[in-house]
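Chain letters run A, B, ... following the sequence lines, proteins first and then strands; every chain starts at 1.
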There are 2 protein chains.
Amino acid sequence: MTPEDLHPVSPSCADCPIRHRAVCARCDERELGVLESIKYYRSFEAGQMVIWSGDKMDFVASVVSGIATLTQTLEDGRTQMVGLLLPSDFVGRPGREFAPYNISATTDLMMCCFRKKPFEDLMFRTPHIAQRLLEMTLDELDSAREWMLLLGRKTAREKLASLLAIVARRDASVKLCATRGRMIFDLPLTREAMADYLGLTLETVSRQISALKREGIIELEGKRHITVPDFDRLLNEAGDDSDGGMLS
Amino acid sequence: MTPEDLHPVSPSCADCPIRHRAVCARCDERELGVLESIKYYRSFEAGQMVIWSGDKMDFVASVVSGIATLTQTLEDGRTQMVGLLLPSDFVGRPGREFAPYNISATTDLMMCCFRKKPFEDLMFRTPHIAQRLLEMTLDELDSAREWMLLLGRKTAREKLASLLAIVARRDASVKLCATRGRMIFDLPLTREAMADYLGLTLETVSRQISALKREGIIELEGKRHITVPDFDRLLNEAGDDSDGGMLS
DNA sequence: GGCACTCTTTGATTTGGGTCAAGGTTTTGC
DNA sequence: GCAAAACCTTGACCCAAATCAAAGAGTGCC
C-alpha cells in the first residue's frame, strides 16, 4: 500500500476541521454561518490540561493541530489512556454536561471549539449533523473495541507494533515519503504516554522499542524520529489479521 | 443504595424494547407503525452464533431476553469480548454493511430485529431517532472506555469484582431482594466467557472467584448462583473511585 | 445406573512484564 | 556554558497471572 492510500481524507482544512470531518459536505450556507458565529479557537501548551474529568464542558471541538489525549485514572494514580486525538479528530458530547475523562495537550495544541448549547440547537434542527456525529461516534466505538482486544490479549511487543502502525498511518508527514512501504514519522508521545495507552510500564515500552530496533523492524534517530523500512513487516508484528481497522 | 436505585429504567417493555431504549418517548403513531411493519423476532439457542464478524448484517436489533456477547479474535484464536448485551440493549449500526465482530448467544436469546434499510430510512426522516441513537452510542463508548481502564490497569481480583458488580447492577432479579446492600443473582457467563471479557484465563477467573468466596465477599451456591452480602464491600474490591459509571 | 460430555476447581511450575535502581541523554532555564 | 530537570535506557530481581496437568461436579442421554 502506498502512503497515499492511508489518507483518503485530506487532513488539512482551510477554514475549520469540523467542516470536512463532521458537517461540511452536506452543510448549506446558513448552517455554516451558524457554525462560524459560535466558533472560537483555543491554544494550549504541551502538558497543559484542556479539561479535568468531571468538570463542566460547555463546548465541543475539533483538533486543528497538535495532539491531545483522553485519560482515565483510578484513585491510586494508575492511569489508562482511552483516546488519542490527532488533527481533525472531534471531541465532545452533545447532551452531556460534564467531561467524562481528562483531556490534556501532549504537544502544543490548537483546538477549534463550538459553544455547546448553540451547537446542540443546530444539531437538533439539522438531521445530517446528528447523523454525521453518529457515524463518527460509531467509528470511535469500533476503535475503542479494537483497543480492548489489544489491551486484553496482545503481548507487549504486539502492543508496541500496533501503536507504531497506528501513528504511522495517521501521521501526515508520512506522505512526504515516497518509497513504497517505507515510512518516516515522529512519535508524538513520551514513553510514559505510550505506556499509559498500552497498559504497560514505561520501562517495558522502552525495552520493546529497543528490541524492535535491534531486529531492524524500526530505525530510531534520537528518541522520537522513527523510520519503518517495511510497513508490512511492522504490521506482521502487530498480530492483527491483515491490516484491520485501527482508525484512531 | 437500594436495588431500586439501580434500575431507573424499567427493563420490561410490553411491545418492543426499542420503544423505550431508542425511540418510544418521542415517537408518534406513524413512526411506531413503520417500526411495527419492519420488525420481526428471532430466537437463538445458547451457544448459537447470531452473526460472524465480516458477514453482511442487514438488520439492527435489541435484546428481548437472554444474553449475547460481542467478541473479537486474533487469527491464533486469542479472543476478547468487547461487549455484553443484556435485555433492552441495542445492537447494529446504521450506515455499516458488515458486522465488525462476532455476536453470539450465551444463553437462549430472543432478539427483536428491524430490517436495516427501512430502519435507516426512518432514521433519516426522523431526527429524534438519530439523536437517541447518538446518545446510546455515546453511552456505549463511555462503557468501552471504562472497560479499557479495567483491561489495562486493574488486577485480576479487581477485574472480577468489577464484573460481578456490573452483572449485579444490571440483573433484573436483584430487584427481588429486599435487604439493603444484599444482592442475589445468577452469573450469565461461563468462567471462560468471563475470562474473555476480562482479558484473563479461565483458571485465573476460577481462582479469584474462590478467593472472593473464601473471604466472604461473595457467597456461591452451585457454580452460578451468587449472593453478595454487602455490595459496597464488593465495589470496594473493584478499585473504582466510588461507584462510577459502568453501564454495560 | 452409568457413560460421555462440558464446566469448574485446584495444584505445580513457568514466565512476561512489573518493580526497583542506576546511569545516560536531551532540553530548559538562568 | 552550566545546572537542573525531564526523559530515556538498561540491568537485576520479583511476582501476578499464564501454562500445564489432573481430578471433581453437574447434566444429559441411552
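- For the pair A:Arg93 and A:Phe98, the cation does not sit on the ring face, since its NZ or CZ is not both under 6.0 Å from the ring centre and inside 45° of the axis.
- Each end of the helix from C:dG1-D:dC30 to C:dC30-D:dG1 gets its own axis, taken as the rotation carrying the C1' atoms of four end pairs onto the next four within a five-pair window, and the two axes meet at 40° to the nearest 10 degrees.
- Screening B:Ile209, B:Ile184, B:Leu164 for a side-chain contact (heavy atoms from CB on, under 4.5 Å) involving B:Ile226 leaves a single residue, B:Leu164.
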Q: Quick one, give me the B/S/- string for nucleotides 12-27 of chain C, reading 5' to 3', where B means a protein heavy atom under 4.0 Å from the base and S means that only happens at the primed atoms, P, OP1 or OP2.
A: B----SSBB-----S-
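- For the pair B:Leu212 CG and C:dT9 C1', the interatomic distance rounds to 15 Å; values are reported in whole Å.
- With hydrogens and angles ignored, the 3.5 Å screen pairs a side-chain donor or acceptor of A:Lys159 with a backbone N or O of A:Leu198.
- Atom CD in A:Glu192 sits about 12 Å away from atom P in D:dA6, given to the nearest Å.
- Atom CG of B:Leu220 and atom C1' of C:dT10 are 15 Å apart (whole Å).
- Dashed line: the shortest gap from a side-chain N or O of A:Arg224 to OP1 or OP2 of D:dC8 is under 4.0 Å.
- Between B:Ile209 atom CD1 and C:dC7 atom P the separation is 15 Å, expressed in whole Å.
- Backbone-only engagement by A:Ser210 is indicated by non-hydrogen atom pairs under 4.0 Å involving sugar-phosphate atoms exclusively.
- For the pair B:His225 NE2 and D:dG26 C1', the interatomic distance rounds to 17 Å; values are reported in whole Å.
- Across A:Thr73, A:Asp196, A:Thr69, A:Asn102, a single residue satisfies side chain to side chain donor-acceptor pair (under 3.5 Å) together with A:Thr79, and that is A:Asp196.
- Put simply, CG on B:Leu202 is 18 Å from P on D:dG24, counting in whole angstrom units.
- A:Gln48 places a side-chain N or O within donor-acceptor distance of the main-chain N or O of A:Glu45, the cut-off being under 3.5 Å.
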Q: List the steps, then state whether salt bridge (Lys or Arg N to Asp or Glu O under 4.0 Å) holds for B:Arg153 with A:Asp76.
A: CA-CA 11 Å; B:Arg153 295 303 188 194; A:Asp76 63 6; over 6 Å; no
Q. Side chain to side chain contact (heavy atoms under 4.5 Å, CB included) between A:Glu203 and A:Val205: does it pass, once the steps are laid out?
A. CA-CA 5 Å; A:Glu203 292 95 329; A:Val205 169; over 6 Å; no
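- Salt bridge status for A:Arg145 with A:Glu140: absent, with no side-chain N to carboxylate O gap under 4.0 Å.
- For the pair B:Arg169 and B:Phe231, the cation-pi test (distance below 6.0 Å, angle within 45°) is failed.
- Between the CG atom of B:Asp76 and the P atom of D:dT19 there is a distance of 11 Å, given to the nearest Å.
- The CG-P distance, from A:Leu189 to D:dC7, rounds to 12 Å in whole Å.
- A sub-4.0 Å separation between OP1 or OP2 of D:dA6 and a side-chain N or O of A:Thr190 is absent.
- A close approach under 4.0 Å does not occur between any side-chain nitrogen or oxygen of A:Arg191 and OP1 or OP2 of D:dA6.
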